[in-house]
There are 2 protein chains.
Amino acid sequence: MSTTGVVRAGSERREEILAIAAELFAERGFAATTVREIADSAGILSGSLYHHFDSKESMVEELLRTFLEDITHAYRVEAASGDDPVQVLRTLVRLAFESIGARWATVSVMVNEYNLLISYPRFSFVQDLSEETERLWVGVIERGVRSGAFRGNLDPRMTYRFLRDAIWVSVRWYQPTGRDRPEDIADVYVGVLLDGIAN
Amino acid sequence: MSTTGVVRAGSERREEILAIAAELFAERGFAATTVREIADSAGILSGSLYHHFDSKESMVEELLRTFLEDITHAYRVEAASGDDPVQVLRTLVRLAFESIGARWATVSVMVNEYNLLISYPRFSFVQDLSEETERLWVGVIERGVRSGAFRGNLDPRMTYRFLRDAIWVSVRWYQPTGRDRPEDIADVYVGVLLDGIAN
DNA sequence: GTCTATATTGAGATAGAC
DNA sequence: GTCTATCTCAATATAGAC
């Protein structure tokens, strides 16, 4: 797509700077990252950043909005696929881990800054899309309980949170450049979740 | 203990302020919390904080050091108990959830600020004690694999991380004042981990 | 699209009176 | 143990030249 001549809202330079900002936000935290550090890493002066972005906040907003809209869309499509719940759950987990592989820094920011960001009206979309995701995943687990694929005494909401938390917080130790492919990790997680670790 | 006349390093007022700071660090993040906000919540002026503490950093250091030393000690004792691995693992998970129940704010700070803090030499103890914890827990899982209690094809380190992440990140939604007791949540988590959710 | 130069604000921290 | 008063620095952001 980037090779077409189509006029786009985000220039390549803008995307480049956004990626740099995401890395810094992920490593040091949003509040602890200064616009000067972002500018330094991009090889420009801090004032020049404001040619591309209104503010530091608007950078993180753009990162999270794009990411959350994309992944929520993917969840929606998969949840509506009508496949059996075990398979759908496996695919949802894979989608999540693939998103970590593709956009590690942005996911880290979302995970690490979630509580801070949702306290600002500007970031209400974060909570809205997270809640839609919860409904989609819990729906799949409930379908699995009804179909008999999952245990009848399962608490779908707590099970979802257990899995969600374990997935997202793995950004803390997951190395996108390492030898573990996202889909392999996803399968380990789903394996543990489905059958447990007991003999 | 607080009713004795024994002279202690930490005055009650100091502990009170520390608890207030922990709540704010947990809710808004360490970097985003100002000393003025801490002072306001404590009903004093910002300058007065420095009668009790050297700096904002020393507040979070004291919170984390006390917490990590306490819980690591508890893990050590349990890991050395010689009970069967399933029981030890269950107790370790309960200890973790009980610590969330008892010191929710401090645990939140540790989870949320982990990556930021370990980048400063001053907080190297955080990483040291975390690594000791990992060795203890992984050791228990390995013992379980050898004894046949856990599956032979298990990756002990990845299993530990899966469980650790799921536990700690639950501070994001766990309400210490809610109706779920820490040990009940711990048992749900261990139940899922041991036997999975599949029928 | 970037630079120079700077405005403006708010942060952490300090000294000494009470 | 807290307050008054203030220092100092670093942060975000702006305006206009190039």
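By convention in this document, chain letters (A, B, ...) are assigned in the order of the sequence lines, proteins followed by strands, and residues within each chain are numbered from 1.
A:S147 places a side-chain N or O within 3.5 Å of a backbone atom of A:G144 that can act as its donor or acceptor partner. A donor-acceptor pair is defined here as one N or O able to donate and one able to accept, closer than 3.5 Å; no such pair exists between the side chain of B:T72 and the backbone of B:E69.
Take A:Y160 and apply the ring pair (Phe, Tyr, Trp, His ring centres under 6.0 Å) test, not counting sequence neighbours, and it matches A:W137. In this structure B:D70 satisfies the salt bridge (Lys or Arg N to Asp or Glu O under 4.0 Å) test together with B:R103, sequence neighbours excluded. Contacts of B:R13 classified as side chain to side chain contact (heavy atoms under 4.5 Å, CB included), with partners at least two apart in sequence or in another chain: B:S11, B:E16, B:I17, B:A42, B:I44, B:H52.
Residue pairs meeting the ring pair (Phe, Tyr, Trp, His ring centres under 6.0 Å) criterion with at least one member in residues 90-128 of chain B, sequence neighbours excluded: B:F97-B:Y189.
For DNA chain C, each stem of at least three Watson-Crick or G-U pairs (distances under 3.5 Å) is given as range with range: C:1-18 with D:1-18.
For B:R122, the CZ atom sits in a packed shell: over 12 heavy atoms of surrounding residues, nucleotides or ligands are nearer than 6.0 Å.
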Let me have a per-nucleotide readout for nucleotides 2-18 of chain C, 5' to 3', with B, S or -, counting only protein heavy atoms under 4.0 Å.
BBB------BBBB----
